[in-house]
Amino acid sequence: MPPTLVAACHVAPHFLSARKSVDKAVSLVSQAAKNSANLVVFPETYISAFPVWSALRPPTENHDLFHRMVQESIYADGEEVQAIRNVARETETVISIGISEKSRSSTACLYNSNLIIDDAGEVAVHHRKLMPTFFEKLIWSPGDGHGLRVADTPCGRIGALICGENTNPLARYSLMAQREQIHISSWPPIWPTRLPAAPGESAEQCRAPANYDNVLANRLRAAAHCFEAKTFGVMCSGFLNKEAIENIVASSRLPVIIQNALESSPQGVTMFLDPTGAPLPSFTLHMQTKAKIACEFLQAEEGVLYAEMDLDRCIEGKQYHDVVGGYQRLDVFQLQVNRSRKDPVVFMEGKETKE
């Protein structure tokens with residue numbers, strides 16, 4: 001098959017505005033399709049925010065932001081997803097997009113979800129993050145195994161895991177065992193685990209260890225999967241912009257400290273990896289001339305990064321270690337995955353029995 005051209009959107013949503021974020025996504029997909037992209041990828045919970053405030057502000061300060069998060073989360077079968085499905089069909093592109101998903105069973109139950117929409121506009125994979133990570137538990141409920149599937153598309157067999165799920169070897173193995181060729185790992189814009197020193201406070205006074213190096217950690221996990229599965233990798237991180245920072249700081253009781261933490265945390269990176277885990281040559285496009293500009297990754301500013309993937313390159317490495325085939329002991333190890341969708345209640349309707 002011809003090479004797959006992938007567009008990874010290193011972008012910020014319109015903070016807690018589902019409608020505006022969808023409009024931006026539709027525009028980006030249309031632009032990427034005009035540039036001949038076959039697959040367009042968006043970050044973790046692109047619609048309509050990643051709740052980084054839960055890492056920095058106490059839960060007692062976050063009621064209003066949680067309320068807004070619920071209001072601007074979306075249904076997987078709602079009109080916002082339909083707009084994404086429509087542009088996928090119209091442009092004949094495959095789209096992977098992160099959403100904060102509302103549940104039909106509750107007024108405020110949310111899931112951290114990712115959708116893979118095929119070129120016919122159908123939802124090929126609807127995945128809910130298996131376990132919210134760290135402070136995410138204040139926002140999202142645990143998902144299930146229903147979405148541990150690989151989408152068979154004209155541009156390759158595509159799987160996706162969300163952020164910390166790429167640390168889970170069993171979740172990753174379940175995708176490897178479905179002939180995955182392109183692995184999408186979606187990430188937040190920042191991942192703060194420590195408050196930095198306050199203005200005027202020295203590091204010695206603060207006595208805080210260094211912040212978690214999420215850039216290194218994300219790349220290690222994504223590269224490990226590519227090497228083990230012999231797949232191409234798409235690392236797609238969100239971008240934290242001024243709009244988000246201003247909203248998160250606005251109602252905080254410690255605005256200077258929160259703003260300092262948001263601005264000093266390293267932005268995530270968006271990049272591509274080959275089936276050995278090495279960086280894959282990539283590029284951006286000049287807005288006017290469409291000339292290719294070599295670029296290994298995007299981090300400090302918004303943009304769309306492109307790379308070509310020759311999926312035949314997924315074959316050679318299987319000679320060395322095919323961890324779901326010749327380099328596996330199926331008589332020793334067995335993985336069982338429950339892919340049923342977990343709903344809180346099952347209603348049974350039937351006719352009353354007449355005596």
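- No donor-acceptor pair under 3.5 Å is formed between the side chain of H146 and the backbone N or O of K342.
- The distance from the OG atom of S251 to the CG atom of L65 is 5.0 Å, given to the nearest 0.5 Å.
- Annotation: side chain of Q267 is not in contact with side chain of S237 (no heavy-atom distance under 4.5 Å).
- Side chains of I84 and V26 form a contact here, defined as non-hydrogen atoms less than 4.5 Å apart.
- With hydrogens and angles ignored, the 3.5 Å screen pairs no side-chain donor or acceptor of S185 with any backbone N or O of L161.
- One side chain, S113 or E101, offers a donor N or O that lies under 3.5 Å from an acceptor on the other.
- A distance-only check finds no donor-acceptor pair linking the side chain of R219 to the backbone of V215 [under 3.5 Å].
- In this structure, K24 pairs ionically with E302, as a charged nitrogen and a carboxylate oxygen lie closer than 4.0 Å.
- Linking Ile, Leu, Val, Met, Phe, Trp and Tyr whenever their side-chain heavy atoms come within less than 4.5 Å leaves I97 and F239 in two separate clusters.
- The side-chain heavy atoms of L56 and L195, taken from C-beta on, include a pair separated by under 4.5 Å.
- E165 places a side-chain N or O within donor-acceptor distance of the main-chain N or O of I162, the cut-off being under 3.5 Å.
- Atoms CH2 and CG, from W187 and N214 in turn, are 9.0 Å apart once rounded to the nearest 0.5 Å.
- Heavy atoms of other residues, nucleotides or ligands lying less than 6.0 angstrom from NZ of K20 number 12 at most.
- With hydrogens and angles ignored, the 3.5 Å screen pairs no side-chain donor or acceptor of S186 with any backbone N or O of C236.
- Cation-pi geometry between R104 and Y75 is met: the NZ or CZ atom falls under 6.0 Å from the ring centre, inside 45° of the normal.
- Between E243 and N247, the side chains place no donor N or O within less than 3.5 Å of an acceptor N or O (distance only, hydrogens not considered).
- Across C295 and L305, no two heavy atoms sit closer than the pair O-CD1, 3.7 Å.
- N35 places a side-chain N or O within 3.5 Å of a backbone atom of Q31 that can act as its donor or acceptor partner.
- For the atom pair CG of D343 and OG of S103, the computed distance is 8.0 Å after rounding to the nearest 0.5 Å.
- The shortest side-chain heavy-atom distance between T231 and C226 falls under the 4.5 Å cut-off.
- Between the N38 side chain and the L5 main chain, a donor and an acceptor come within less than 3.5 Å of each other.
- Connection of V22 to V29 is established within a shared hydrophobic cluster, with ILVMFWY side chains joined at heavy-atom distances below 4.5 Å, either directly or through further cluster members.
- The nearest pair of heavy atoms linking M69 to S100 is CE-OG, 3.6 Å.
- Of the candidates H127, E44, R128, E44 is the only one forming a side chain to side chain donor-acceptor pair (under 3.5 Å) with N112.
- Side-chain heavy atoms closer than 4.5 Å link hydrophobic residues (I, L, V, M, F, W, Y) into clusters, and following such links, possibly through other members, connects V52 to W140.
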Assess the residue pair M271 and L298 against the criterion (side chain to side chain contact (heavy atoms under 4.5 Å, CB included)); give the C-alpha distance rounded to whole Å, side-chain angles, the decisive distance to 0.1 Å, and a yes or no. CA-CA 7 Å; M271 66 181 300; L298 292 177; over 6 Å; no
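- M235 CE to H10 NE2: the interatomic distance, rounded to the nearest 0.5 Å, is 10.5 Å.
- Ionic pairing of R85 and E122 is present here: one or more N-O contacts between side-chain nitrogen and carboxylate oxygen are shorter than 4.0 angstrom.
- Put simply, the side chain of S105 does not reach to within 4.5 Å of the side chain of V345, judged on heavy atoms.
- Hydrophobic clustering of Ile, Leu, Val, Met, Phe, Trp and Tyr side chains at less than 4.5 Å, counting indirect connections, keeps F227 apart from F232.
- Side chains of R149 and H126 form no contact here, defined as non-hydrogen atoms less than 4.5 Å apart.
- In this structure a side-chain-to-backbone donor-acceptor pair under 3.5 Å is present from R157 to Q178.
- Put simply, the side chain of V234 reaches to within 4.5 Å of the side chain of I182, judged on heavy atoms.
- Remark: E92 CD is loosely packed, at most 12 non-hydrogen atoms of other residues, nucleotides or ligands lying under 6.0 Å away.
- Around CZ of F297, the count of heavy atoms belonging to other residues, nucleotides or ligands within 6.0 Å does not exceed 12.
- Taking each heavy atom of A244 and N241 in turn, the nearest pair found is N-OD1, 3.0 Å.
- V304 and I47 end up in the same hydrophobic cluster when Ile, Leu, Val, Met, Phe, Trp and Tyr side chains are linked at under 4.5 Å.
- A donor-acceptor pair under 3.5 Å is formed between the side chain of S174 and the backbone N or O of A171.
- Salt-bridge formation is detected for the pair R19/D23: a Lys NZ or Arg NE/NH1/NH2 atom is positioned less than 4.0 Å from an Asp or Glu carboxylate oxygen.
- The ring of W191 has its center closer than 6.0 angstrom to the ring center of F135.
- Listed for the E72 side chain is a donor-acceptor partner under 3.5 Å among the backbone atoms of A18.
- Two residues are said to be in side-chain contact when any heavy atoms from C-beta on lie closer than 4.5 Å; N168 and R172 fail this criterion.
- When every heavy atom of I116 is checked against every heavy atom of A151, the shortest pair comes out as CG2-CB, 3.9 Å.
- Considering all non-hydrogen atoms of both residues, I190 and P266 come closest at CG2-O, 3.6 Å.
- Between T153 and D119, the side chains place no donor N or O within less than 3.5 Å of an acceptor N or O (distance only, hydrogens not considered).
- In this structure, a donor-acceptor pair under 3.5 Å is present between the side chains of H321 and K230.
- Expressed to the nearest 0.5 Å, how far OG1 of T45 lies from CD1 of I74 amounts to 10.5 Å.
- Closest approach of A76 to V81, counting heavy atoms only: O-CG1, 3.4 Å.
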Evaluate side chain to side chain contact (heavy atoms under 4.5 Å, CB included) for S252 paired with E61, printing each intermediate quantity in order. CA-CA 7 Å; S252 172; E61 274 194 20; 3.7 Å; yes
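- Rounding to the nearest 0.5 Å places CD1 of I95 at 11.0 Å from CZ of R89.
- Counting heavy atoms of neighbouring residues, nucleotides and ligands inside a 6.0 Å radius, atom NZ of K34 does not exceed 12 of them.
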